[in-house]
Amino acid sequence: MTILPSFAQTSSTPSTPATSNMRQNKSASKQAVHQSDDGQRVFDQNCSRCHNAPQGFSPHISGTIVRHMRVRASLSKEDEQALLRFLNP
Amino acid sequence: MWRLLNLNAYPHRRILVAVTLLMSSLLITPHVAAQDTPLISGGVGFFTSTNGGNTTYVPTISPVLVAPLGQHLLVESRANLIELFFPKPPGQSGYTSEPFLSLAYLQLDYLATSHLTVVGGEFLTPFGTYNERLTPIWISNFQDAPLITSLGTGTGSSVGGMLRGSAISTPKFSIDYAAYFSTESTNMQFNAERSTGGRVSIYLPEKRLELGTSYGRLLQGTQQNYFGAHAWWEPANTGFKLRSEYAHGAHSQGYWVETDYRLSRFGGDQSLIGRLEPVFRWQQTFRNSPDPTDGLPAADTQRTDFGLDYHLPHEVRINTSYARQFSSTGNHNVWETGIVYRFLFPTWKGK
């Protein structure tokens, strides 16, 4: 299951939903595809281990959440950055 | 488990805790990066439990505050506010109630590198998985903690310091560690035992398998060691989860195994059936010698819990469960229901 549709549906903030940004990324360059896919992989492999992945949240707290969860999910620096890009492109 | 504080007896503590939490959030200046706004999250729930014919009602609110201070510091805290409604003693009719407040943790994290985070303050004791991961009311499938929970975790919280981090993290596997030291604290809010210990786990992201082992040593009273092991397997795209834990203390030991299966394959996880999640837990404890303080039952015990979670839209979940506990001191049934709303929002709207 990918989380993108649910992010787009439930994001309560006025900013652009993750999905459309991701699509722009994907068409922009091959590099971006890799980065956003990495973020999706990190999210899928780690963020529903202990609890249901959040259905959506304000981009203003994505950095705070990743800091809070990085130790719990044992993320490397690269994983952390890929995840941040994925949550907040 | 956490020391519960009776607020009727100590009304001023309520204010103290509120002020502490407020102070920590006020420390934060609003000039943070757009993504690093402090957040408030947690769960609000209403629970009922019928044990041996007596029903208790427990409205609960459990807020979490997470606030970055600059690039390397993070304040995190969780409180539990509970109002317990229970039947009056035999001979009297009706219900009586008592409020409780506990602070699960209040810690300052220094994020030194991606391999090391230094923690100071009151934190959840890193032994096994239940205490750190499954105690939030919006996460746990069952209202009752496993019978072995207190082995290695003591009061649940420690007061002192901890080093933790990801030792190594590759696409194939990651290893994380936690090592802590705690002083004895009899303070009402920060109740902890003098102890030391830690945990190491390995996670295989492709297999979604995690194996880990924990060690703890109680350094007060009769010193003793605790050992623990855990295995979690949550295969991708199946909706199935298996979580298990074993703990060994000087006078008792035990294990639990919990499985759940979200029925998302029937029309997706937003469908009528796909929102259902049957859960099952099996546990056993064994007593080698008497110890009224270790928190495990006085006689060998087996317990089976059957539950059904229903995930409503907007992060609301209904849990129901039935448990039967068998032991030479008597068998009994426990029926439980609950509804929990999980919330998550920024403390203020950033730019």
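These numbers were taken from a predicted model, which means no experiment stands behind them. Lettering of chains follows the sequences in order, A, B, ..., and the numbering in each one begins at 1.
Heavy atoms closer than 4.5 Å to chain B are found in both the backbone and the side chain of A:Arg49. Only the backbone of B:Thr113 comes within less than 4.5 Å of a heavy atom in chain A; its side chain stays farther off. Using a 4.5 Å cut-off between heavy atoms, B:Ile202 makes no contact with chain A at all. B:His115 does not touch chain A: none of its heavy atoms, backbone or side chain, sits under 4.5 Å away. With a 4.5 Å cut-off on non-hydrogen atoms, A:Leu75 touches chain B through its backbone but not through its side chain. At a 4.5 Å heavy-atom cutoff, the contact between A:Arg67 and chain B is made by backbone and side-chain atoms alike. Only the backbone of B:Ile175 comes within contact range of chain A, judged by heavy atoms closer than 4.5 Å. With a threshold of 4.5 angstrom between heavy atoms, B:Glu234 approaches chain A through side-chain atoms but not through N, CA, C or O. Heavy-atom distances place both the backbone and the side chain of B:Leu111 under 4.5 Å from chain A.
Among all heavy-atom pairs drawn from A:Asn52 and B:Lys241, the shortest one is OD1-NZ, 4.3 Å. Listed here is the closest heavy atom pair of B:Phe345 and A:Ile61: C-CD1, 4.3 Å. Here the shortest heavy-atom pairing between B:Val64 and A:His68 reads CG1-CE1, 4.4 Å.
Between the B:Thr37 side chain and the A:His60 main chain, a donor and an acceptor come within less than 3.5 Å of each other.
Listed options A:Asp79, A:Val66, A:Ile65 were ranked by heavy-atom pairs under 4.5 angstrom with chain B; first place goes to A:Ile65.
Tested against A:Ser74, the residues B:Ser201, B:Ser114, B:Ser169, B:Ser166 include a single side chain to side chain donor-acceptor pair (under 3.5 Å) partner, B:Ser166.
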